[in-house]
Amino acid sequence: MSVVDPPRNSSRISGRPPSRALERAFRGLCLFAALLPVLVLAVLLFDVVRTGLGRIDVQFLTSFPSRRPQTAGILAGAVGSVWLVGLTAAIAVPVGVGTAVYLEEYARRGRLATLIEINISNLAGVPSIIYGLLGLELFVRALSMGRSLLAGALTLALLVLPIIIMATREALRTVPLALREAGLALGATQWQVVRQVVLPMAVPGVLTGSILAISRAIGEAAPLVVLGALTYVDFLPDGVTSPFSALPIQIFNWTSRPQAGFAVNAAAGIIVLMVTLLMLNGAAIITRNRMQKRLGR
Amino acid sequence: MAPRQPRRWVRRWGEAVIERGLLGCALVSVVTTAAILVILARQTGEFFSEVSISQFLFDSQWTPLFADKHFGIWPLLAGTFLTSAIAIGVALPFGLLAAVYLGEFATPRVRAILKPTLELLAGVPTLVYGYFALVTLTPLLQRVLPELSGFNALSPGIVMGVMIIPMITSLGEDAISAVPGALREGAYALGAGKLQTVFRVVLPTALSGIAAALVLAVSRAVGETMIVAIAAGQQPRLTLDPQVPVETMTAYIVQVGMGDTPTGTLEYRTIFVVGATLFAITFAANLLSQRLARRFRER
């Protein structure tokens, strides 16, 4: 059916329109549907804060895991997560930006570019737990990194790569073509144009994408569980080859224990996780707004 | 500010190196896909050298971790199907109605608030939703359904559905706003009301876009891990009863990952076989969704 065709069932459209009240009820139903996930999140947050807020204190933030919920803390998980996410960003951002620059600025339209593009959009749809299996066989076993921070960070980097690539490509596309042509006309090489003209203008977009990627990496538990992140760690990582725990792993462990005290710990851990994510997302929104203002949109 | 100009041969050589380096970055994603395929295929091959395909397809039990081992995939598929079906049953109607609200009813101001809020929801870690399903929703549901077990398919299914709503809303709204305004005006001119226009003109026209969103949601539900690993249980069971503990494919992989299964054993290989099955399902769904989305963009 092409766009200009009249609807096939047009004869049924005429006839008495339903009453105003019915329309209003439908509109209300639609609004309710739009608000439902927000309501659920509000209930979730309320519940978590009510259960866990009282548990957050200095002891909780600076203690290692323990058999007794009252003395357990998130130190190992939180420090592990900071290491993990820092390493992930250090690996994924350069590779992701490089890929985006290649596809937008260098690649000729052809079979290779199409192959890479199809690949990236397919990778974005692969369940995160499959990345865990990939990391387990490739990094932990084949490249014999063991169940180390580096293996975890490499796995998470592959997982978030499509996010960074897509955000960066979008940012690169907003840079006007005329600026590139002006640079080339002045005798600059392609790389000089990219590095001194195009990339600086795309920085806010790259930052937004990187922050989104990082917040995805912070909350991921499934691939790390498969990879063999530890749940009981009473030391801090001393390098990239160290075994590790992570905040989501710690929360998952507490959630799956039957004693009520651990559910309280899980709620407290979730508060820490959500506050971190909220701050990161806030930062992403602010950078995006600044970018839009600067580009005059 | 004019760029610094090094010697010509240095420049030409340097440009070539940089282009190769960038191509190298781009090839990382190709290598990733290849590595996933090779790893899953190799471990699956090794698995089927020890377990027959007919046992995998026709046995009705999945007990690789017990003394009496059975390797029938159906209990895990049933668990995955059950939780995903419940999730889609929640996400599709609510997600679509929300998309209709954003596309047809909302004022620009309301849209400007609602859209980013829904995007924010997509950023909540699924682990958090899993906690919510187990600790909050299941006890709540037990008041209404006393038969409901502590681990079940119903509660994680519902929570997963709520998690997927923003995705269907966002993709569905894209499809709805791609419907040309002239079609709506034509319907109004024929005397149709808002409801008739939405149900007889807008939604049918946006159908392929909506179908693409639905298929992508199915893929997302099938691959979702933490919600079901936390709240659905670890008992592979060939059932469609949403009140009893089940185990999904993803939850099985987590269960083995939590334990200390030595590498290279048959138990170790089972997670790759399950992973390969999961990958095949989600990959097919993603391809189908892309094809449907392309059809709706072409129109």
Side-chain angles (χ1 to χ4, degrees), chain A residues 3 6-7 9-10 13-14 17-18 23 26-27 29-31 33-34 36-38 40-41 44 47 95 98-99 101-103 106 116 119-120 122-123 125 127 129-130 133-134 137-138 141 158 161 186 188-192 196 215 219 221-222 225-226 248 251-252 255-256 263 266 270 277 281, chain B residues 3 11 15 18-19 22-23 25-26 28-30 32-33 35-36 39 94 97-98 100-102 105 114 117 120-121 123 125 127-128 131-132 134-136 162 165-166 180 186-187 190-196 200-201 219 223 225-226 230 250 253-254 257-258 263 272 275 278-279 282 286 299:
Chain A
V3 187
N9 47 5
S10 56
I13 284 182
S14 53
E23 259 180 46
F26 179 66
R27 191 196 156 116
L29 185 67
C30 290
L31 178 62
L36 179 73
V38 184
V40 170
L41 184 70
L44 192 167
D47 197 44
V95 177
T99 304
V101 168
Y102 180 80
L103 288 174
Y106 283 86
I116 295 171
N119 234 295
I120 292 167
N122 279 333
L123 280 179
I129 193 146
I130 302 281
L133 294 174
L134 170 71
E137 269 294 285
L138 182 63
R141 288 193 65 207
L158 293 183
L161 209 49
L186 285 170
T189 64
Q190 185 153 21
W191 175 243
Q192 286 171 326
Q196 299 180 27
S215 29
V225 170
V226 178
I251 297 170
F252 176 45
T255 308
S256 29
I270 286 174
L277 285 175
N281 276 298
Chain B
R11 279 175 58 184
E15 287 290 312
I18 285 165
E19 185 168 348
L22 294 172
L23 174 62
C25 291
V28 167
S29 69
V30 180
T32 305
T33 308
I36 291 176
I39 286 168
F94 285 107
L97 287 173
V100 169
Y101 184 79
L102 284 177
F105 293 115
L114 257 179
T117 313
L120 209 66
L121 287 174
L127 168 80
V128 177
Y131 169 92
F132 183 67
L134 179 71
V135 177
T136 311
V162 172
I165 289 176
L190 289 168
K194 188 93 192 170
L195 273 182
Q196 287 169 312
R200 299 213 178 138
V201 178
S219 159
T225 304
M226 293 319 286
I230 289 173
T250 51
I253 300 176
V254 165
M258 294 282 284
T263 55
F272 291 91
L278 177 66
F279 182 80
T282 54
N286 291 343
R299 286 217 312 217

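Proteins get letters first, then strands, A, B, ... in listed order; numbering begins at 1 in each. When reading the values below, keep in mind they use all heavy atoms of this one structure, side chains included, and skip hydrogens, waters and symmetry mates.
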Could you go through the side-chain contact (heavy atoms from CB on, under 4.5 Å) check for A:F26 and B:Y101 one step at a time?
CA-CA 9 Å; A:F26 179 66; B:Y101 184 79; over 6 Å; no
If we only count heavy atoms from C-beta on, is the A:L44 to B:Y131 side-chain gap below 4.5 Å?
no
Which heavy atom in [X] sits nearest to a heavy atom in [Y], and how many Å separate them?
X	Y	result
B:L97	A:A33	CB-CB, 3.6 Å
B:S219	A:G125	OG-O, 4.3 Å
B:A26	A:Y102	CB-CD2, 3.9 Å
B:T32	A:L134	CG2-CD2, 3.8 Å

Could you check which of [options] has the highest count of heavy-atom pairs closer than 4.5 Å to chain A?
options	result
B:T117, B:T33, B:V254	B:T33
B:L121, B:L102, B:V100	B:L121
B:L114, B:T225, B:V135	B:T225
B:N286, B:V162, B:L127	B:L127
B:V28, B:V30, B:T282, B:I165	B:V30

Any sub-3.5 Å donor-acceptor pair from B:E15's side-chain atoms to A:W191's backbone N or O?
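Between the backbone of A:W191 and the side chain of B:E15 there is a qualifying donor-acceptor contact (under 3.5 Å).
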The test is side-chain contact (heavy atoms from CB on, under 4.5 Å); show your working for A:I129 and B:L278 and say whether it passes.
CA-CA 10 Å; A:I129 193 146; B:L278 177 66; 3.7 Å; yes
Considering only heavy atoms and a distance below 4.5 Å, find which of [options] pairs most often with chain B.
options	answer
A:L161, A:I270, A:V226	A:I270
A:L29, A:I251, A:N122	A:N122
A:G219, A:A222, A:A221, A:P37	A:P37

Identify which part of A:L138 has an atom lying under 4.5 Å from any heavy atom of chain B, answering side chain, backbone, both or neither.
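Contact with chain B: backbone and side chain both.
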Could you look at A:T255 and say if it's the side chain, the backbone, both or neither that has a heavy atom under 4.5 Å from chain B?
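Both parts, heavy atoms under 4.5 Å.
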Mind checking the [atom1]-[atom2] spacing from [X] to [Y]? Nearest 0.5 Å is all I need.
X	Y	atom1	atom2	answer
B:F105	A:L31	CZ	CG	10.5 Å
A:L133	B:F279	CG	CZ	11.0 Å
A:Q192	B:I18	CD	CD1	9.0 Å
B:I230	A:F252	CD1	CZ	5.5 Å
B:E19	A:Q190	CD	CD	7.0 Å

Using non-hydrogen atoms and a 4.5 Å limit, figure out which bit of [X] sits close to chain A: side chain, backbone, both or neither.
X	result
B:M258	both
B:T250	both
B:L134	side chain

Determine, stepwise, if the pair A:N119 / B:S29 fulfils side chain to side chain donor-acceptor pair (under 3.5 Å).
CA-CA 7 Å; A:N119 234 295; B:S29 69; 4.8 Å; no
Derivation and outcome, side-chain contact (heavy atoms from CB on, under 4.5 Å), residues A:I130 and B:I253
CA-CA 9 Å; A:I130 302 281; B:I253 300 176; 5.6 Å; no
